[in-house]
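Working notes, beginning with the structure itself.
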Amino acid sequence: MLLEFYAPWCAASKAAQYAVTKLSEDPIVTEGGIPIVAVDCTYTNVTCRATGMETFPAFRWVDAMAGKEGMGMMEDFAASRSVSGLRRF
């Protein structure tokens with residue numbers, strides 16, 4: 001699962017939305033059944049703080065099947081916020 005942490009007032013979040021929309025239409029995502037979940041940090045501030053989100057947009061890959069006690073493993077995204085950058089992630 002790909003988590004996108006964003007703030008609607010943030011210009012960078014608005015700019016990254018194009019890449020997220022295009023990625024959601026990509027066969028890798030649609031045929032692979034990969035969910036993309038957008039988390040509005042102005043609405044879910046507690047969740048964003050608990051996960052350490054301080055800058056927007058931020059992306060994390062969550063592998064729900066890995067990790068201890070079913071908690072999953074999270075990997076931070078540190079590449080280009082373009083469609084190709086997100087696809088490689």
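This one's a predicted model, so the numbers in the text were calculated from it and none came from an experiment. If you read the sequence from its start, that first residue is 1, and numbering goes on from there.
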With F59, which of V20, I36, L3 fulfils side-chain contact (heavy atoms from CB on, under 4.5 Å)?
-> V20
Rounded to the nearest 0.5 Å, how far apart are CG of D40 and OG of S13?
-> 9.0 Å
Return the minimal non-hydrogen interatomic distance between F56 and A12, and the atom names on each side.
-> O-CB, 3.8 Å
Rounded to the nearest 0.5 Å, the SG atom of C41 sits from the CH2 atom of W9 at a distance of 9.5 Å
Considering only heavy atoms from C-beta outward, does the side chain of E4 approach that of Q17 to under 4.5 Å?
-> yes
Over all heavy atoms of both residues, which pair between V29 and L23 is shortest? Give the atoms and the distance, please.
-> CG2-O, 3.3 Å
Closest heavy-atom pair and its distance - M53, A58 | SD-CB, 3.3 Å
Are Y6 and V37 connected in a single hydrophobic cluster, I mean Ile/Leu/Val/Met/Phe/Trp/Tyr linked by side-chain heavy atoms less than 4.5 Å apart?
-> no
Any chance you could measure T55, atom OG1, to F5, atom CZ, to the nearest 0.5 Å?
-> 11.0 Å
Side-chain heavy-atom pair P35, L2 within 4.5 angstrom cut-off = no
